[in-house]
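Heads up, the thing below is written out as structure tokens.
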Amino acid sequence: MSSSSGQPQFRYTQTPSKVLHLRNLPWECTEEELIELGKPFGKIVNTKCNVGANRNQAFVEFVDLNQAISMISYYASSSEPAQVRGKTVYIQYSNRQEIVNNKTSGEVVGNVLLVTIEGVEAGDVSIDVIHLVFSAFGFVHKIATFEKTAGFQALIQYTDVATAAEARNALDGRSIPRYLLPEHVETCHLRITFSAHTDLNIKFQSHRSRDYTNPYLPVNPSAIEGTIQPVLGPDGKVKEPESNVLLASIENMQYAVTVDVLHTVFAAFGTVQKIAIFEKNGGTQALIQYPDVTTATVAKEALEGHCIYDGGYCKLHLSYSRHTDLNVKAYSDKSRDYTIPDAGILATSHAPNASSSLLSNPLAAGVAMQQPIPNGQMPTWDPSKANYASASRTFPSQSFIPTTVAPYQTSGALPTSSAGYLQAPQQTPQYGMHPRPSGGAPFADQPPRYF
DNA sequence: AGCACA
């Protein structure tokens, strides 16, 4: 900002600087190692490690320009190159005059650490392992984990900055011990920065978040399994815990699969609360949130491997998501939050003709439409009265054969016949009024809609 | 192996 010579400096015309730019460092190079390297030439007042795409560059700043010059000139004429742990380090003047945005000059330190766990899936590192590792430095108040584009991340809250800083210094760039990780994880480096948070707001004890200061905090019912160690299957692999949120991968997507289409498909098994569609390594995936695990399980069992459209198009592969509550835009082309009334109104307003759309066309909507309920409420679906024969007619060939539904019908676990697992308790009218599916796609084999 | 996410 203050450098008035704004032009980029070229290789051999660099002006000396107190700041030196180091390249080709070992990946885990620490500040201590940089200080060690520069100490013979003067006093290092600031460093910045793990810079660059490969995180193998760094900057060191001397108190005095002459010290930087002496280091550069020493290695310019030395037969031994500068080394860190046996790796040759290339040193030159930085094109900046001071290191900015590091701890001694303005890095925001805090009692909460942001930890990125590289090279792992969220399920590979349990919150208990994280807790174990970070407890070595002091009492861990709270942990929240989440998945962002950066990868699997955790926020770790300590009592104070000092403890957090100690943990960061000790663990940044290090790995979680192998024996704490599943077999298939090869490496798992921790990247640690200070978070801007000072006090995390943990709503539930779950496999994603913990508040160790409040043992009375409710346990998220949909995450009880995850609060213990990860469940290991017979093959020793981490078994995915059940969830009220399904992850759908859509294979052979010849037709556009919109939020509305997904809603149509998944609402057949219960209230869909939220939907999010996104791209992941070339394919399309979606998250579908139900109010409870049971509904999700029923939908998963019923829909797994089936196609949204006849002819093998848009084949669904379902698994349980690690999410329990999606944070989605209430109304966008890639997401919908049906729990927000405004969004529902919005949605319907986008389809003013919903009542005359494909969905209310008996042919398209299937024969599973029920009689209107006098009080105008959305009827619930009574599995014992459901007409499977007609339902299956709406599922030609391999699409949504509801055979897997039958066991639930007779299951003794059903609380009452009228409040069965498969009811669609869509109490609020606008949620039941779904915009028509996007045109163009064949919708003759649309799943049944029980309202 | 070539300059920092503000």
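Here is how names work: the chains are called A, B, and so on, in the same order as the sequence lines, proteins then strands, and each is numbered from 1.
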Considering only B/dA1, B/dA4, B/dC3, which nucleotide approaches the side chain of A/H21 most closely?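 From the listed options, B/dC3 comes nearest.
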
Interatomic distance where [atom1] belongs to [X] and [atom2] belongs to [N] [whole Å]:
X	N	atom1	atom2	answer
A/E61	B/dC3	CD	C1'	14 Å
A/L25	B/dC3	CG	P	13 Å
A/R96	B/dA6	CZ	C1'	10 Å
A/L20	B/dA1	CG	P	19 Å
A/K48	B/dC3	NZ	C1'	11 Å

Between A/G52 and A/K87, which has a closest nucleotide on DNA chain B that is more 5'?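 Closest to the 5' end, via its nearest nucleotide, is A/K87.
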
Toward the 5' end of DNA chain B, which comes first, A/N56 or A/V19, by nearest nucleotide?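 By nearest-heavy-atom nucleotide position, the 5'-most residue is A/N56.
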
Over 60° means perpendicular and under 30° means parallel, so classify the ring planes of A/H189 and A/W27, tilted if in between.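 Ring orientation of A/W27 relative to A/H189: tilted.
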
Can A/T339 and A/Q273 be counted as having a side-chain donor-acceptor contact under 3.5 angstrom?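 No.
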
Please determine, by modelled atom types, if A/T30 and A/E33 share a side-chain donor-acceptor pair under 3.5 angstrom.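 Yes, a side-chain donor-acceptor pair sits under 3.5 Å.
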
Using a strict threshold of under 4.0 Å (side-chain N to carboxylate O), is an ion pair present between A/K274 and A/D325?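 A salt bridge links A/D325 with A/K274.
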
Answer yes or no: does a side-chain N or O of A/Q57 lie under 4.0 Å from OP1 or OP2 of B/dG2?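 Looking at the OP1 and OP2 atoms of B/dG2, one of them is under 4.0 Å from a side-chain N or O of A/Q57.
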
Would you say B/dC3 has OP1 or OP2 under 4.0 Å from some side-chain N or O of A/R23?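 No, because none of the side-chain N or O atoms of A/R23 sits under 4.0 Å from OP1 or OP2 of B/dC3.
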
Can A/Y90 be called stacked on B/dG2 when the rule is centres closer than 5.5 Å and an angle between planes below 30°?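 Not stacked by the 5.5 Å and 30° rule.
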
